[in-house]
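Report on the following structure.
All residue numbers in this chain count up from 1 along the given sequence. Owing to the predicted nature of the structure, the values given are computational and were not obtained by experimental measurement.
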Amino acid sequence: MSAAPAAIIDTGALRHNLQAARAAAPAARVMAVVKANAYGHGLELVTAALHDADGFAVARLDEAVAIRQSGTRRRVLVLEGPESPEELADARRYSLDLVIHNPQQLGWVEPAADGLAIWLKLDSGMHRLGFMPEQFAAAVTQLRSYAPASVTLMTHLASADLRDDPMTEKQLAEFAALLSPGDQSSVANSAGVLAWPDARAGWVRPGIMLYGISPFAGQTGIEFGLQPAMHFCTKLLAIRPVRAGETVGYCGTWTASRDTIIGTAAVGYGDGYPGNLPGGTPVLVNGRRCELAGRVSMDLITIDLGPGAGDEPGADVTLWGNGLAVEEIADRAGRLAYEVVCGVSQRVPRISV
């Protein structure tokens, strides 16, 4: 492997995490959420690994078309729905499921509903997309009069990652009050799958948990029996001795407290490694926990290897993955783990193992 960073994607971990979602919601079908290039893990790689999912969900039509063109025959759901009437033709051509979340989209569907699978969205409190509760029953009746191939009623949980927040129970009750016997439904995201049994009926839509990451602050995916799917790694390019009192990196923000060895590794914010990570952030070098020394550069970081370190150029460096949870790195950066993995840049190859 070259010294350039790589995102090693563990397909076994992906499949393990899918089975964890199934185990948590055994009566449900699983719509695996793979939007945003599968949360930065690589869309085609992840959909191939998760071929046993019942379907795949993405944000936009071009992502859905890419999945279909990769060869999958599973259901593919476009969460933002059509942006224009013309997109309905593409949805039909590629046999895509569509979310309908506003009256304008509902009007577009009327002359073209035959053969389409439609997911009608309720705004039960997220206040982002969806029909308001007072509009929802009429929208359901109107949609069914168009005779689409199938209708699934759905909503999205706003605060399922906050176990003590009453919002989730309120949303679940609001949604349940608008369902009729026999309705197909979908509520649970990853937090819903892991923590809210009443959200697990019908279709579940796990996202972040499939990648081995916890949706809950202060907890890692490993605590839920999940396995990290992304191992973000690179190698040391150089080592050098630094004396006590000398500074390292731009603006001299890090000062050696004792004589030590500094390693320079080939990764930076140009690769998606968070540029605001402070000195002291953990990094694994040859499996040993070390710390960042100084600011993250565009293509390089510097690491305090410790006095007398025997590491050589070419040594393995782990930014996150096995042995170093991405949730810990995200916390150091003041960001969500979602943001960190989605932020790995396109110049970093995704390599499946």
Side-chain angles (χ1 to χ4, degrees), residues 2-10 13 35-43 46 161 190 207-222 226-238 247-255 262-285 287-305 315-351:
S2 75
I8 309 301
I9 309 302
D10 185 341
K35 59 186 179 178
N37 195 30
Y39 290 53
H41 291 65
L43 182 62
V46 170
D161 55 323
S190 290
I208 197 68
M209 70 174 291
L210 296 177
Y211 309 98
I213 299 170
S214 167
F216 302 102
Q219 292 183 280
T220 66
I222 293 170
L226 306 175
Q227 297 176 1
M230 180 187 288
H231 180 76
F232 191 30
C233 59
T234 187
K235 292 185 179 293
L236 287 182
L237 283 177
T247 62
V248 173
Y250 284 119
C251 301
T253 58
W254 187 89
T255 302
I262 293 293
T264 300
V267 70
Y269 59 77
D271 303 295
Y273 190 63
N276 66 333
L277 283 169
T281 296
V283 178
L284 300 184
V285 179
R288 183 179 84 258
R289 198 171 174 103
C290 300
E291 296 182 350
L292 282 185
R295 285 168 47 177
V296 176
S297 303
M298 183 179 290
D299 312 298
L300 300 169
I301 58 172
T302 42
I303 304 165
D304 182 5
L305 300 176
D316 291 328
V317 177
T318 297
L319 293 318
W320 63 74
N322 291 327
L324 181 57
V326 68
E327 292 95 332
E328 180 176 357
I329 303 306
D331 185 64
R332 296 284 185 132
R335 296 164 66 179
L336 298 174
Y338 299 73
E339 298 175 74
V340 173
V341 290
C342 285
V344 176
S345 75
Q346 291 309 300
R347 80 173 182 176
V348 175
R350 275 68 169 171
I351 300 170

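Across Ala265 and Val317, no two heavy atoms sit closer than the pair CB-CG2, 4.2 Å. The minimum heavy-atom distance between Leu226 and Gly212, with the atom names listed, is CB-CA, 3.9 Å. Contact detail for Ala293 and Ile262: the closest heavy-atom pair is CB-CD1, 3.9 Å. Of all heavy-atom pairs spanning Glu328 and Pro282, the tightest one is OE2-CG, 3.4 Å. Contact record, Leu324 with Thr318: CD2-O, 3.9 Å, taken as the closest heavy-atom pair. Taking all atoms of both residues into account, the shortest heavy-atom contact from Thr253 to Gly294 is OG1-CA, 3.9 Å.
Side-chain contact between Leu292 and Trp254 is absent, with no heavy-atom pair separated by less than 4.5 Å. Using a 4.5 Å heavy-atom cutoff, the side chains of Lys235 and Asp316 are in contact. Annotation: side chain of Val348 is not in contact with side chain of Val267 (no heavy-atom distance under 4.5 Å). The side-chain heavy atoms of Tyr273 and Val296, taken from C-beta on, include a pair separated by under 4.5 Å. Between Asp10 and Pro228 the shortest side-chain heavy-atom distance does not fall below 4.5 Å. At a threshold of 4.5 Å between non-hydrogen side-chain atoms, the residues Leu210 and Tyr39 do not count as touching. The closest side-chain heavy-atom distance from Leu284 to Arg289 is below 4.5 Å.
The CG atom of Leu305 lies 6.0 Å from the CZ atom of Arg288; values are rounded to the nearest 0.5 Å. Rounded to the nearest 0.5 Å, atoms CZ (Arg295) and CG (Leu277) are 13.0 Å apart. Distance CG/Leu300 to CG/Asp271: 9.0 Å, rounded to 0.5 Å. Atoms CD1 and CD1, on Ile351 and Ile8 in that order, are 4.0 Å from each other to the nearest 0.5 Å.
Remark: side-chain polar atoms of Glu327 are not paired, donor with acceptor, to backbone N or O of Ile213 under 3.5 angstrom. At least one donor-acceptor pair closer than 3.5 Å links the side chain of Asn276 to the backbone N or O of Ala333. Between the side chain of Ser190 and the backbone N or O of Met209, at least one donor-acceptor pair lies under 3.5 Å. Here the side chain of Gln219 pairs no donor or acceptor atom with the backbone of Ser214 at under 3.5 angstrom. With hydrogens and angles disregarded, no donor-acceptor distance shorter than 3.5 Å links the side chain of Arg350 to the backbone of Met230. Asp161 contributes no side-chain N or O that, together with a main-chain N or O of Phe216, makes up a donor-acceptor pair within less than 3.5 Å.
Below 30°, between 30° and 60°, or above 60°: for Phe232 and Trp320 the angle between ring planes is between 30° and 60°, a tilted geometry.
For the side-chain contact (heavy atoms from CB on, under 4.5 Å) criterion with Leu319, the lone passing option out of Val326, Val344, Ile329, Thr234 is Thr234.
Under the side-chain hydrogen bond (donor to acceptor under 3.5 Å, both in side chains) criterion, no residue pair touches residues 332-346, with sequence neighbours excluded. Residue pairs satisfying the salt bridge (Lys or Arg N to Asp or Glu O under 4.0 Å) criterion with at least one member in residues 317-326, sequence neighbours excluded, are absent.
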Worked check of side chain to side chain contact (heavy atoms under 4.5 Å, CB included) between Ile303 and Leu236:
CA-CA 9 Å; Ile303 304 165; Leu236 287 182; 4.3 Å; yes
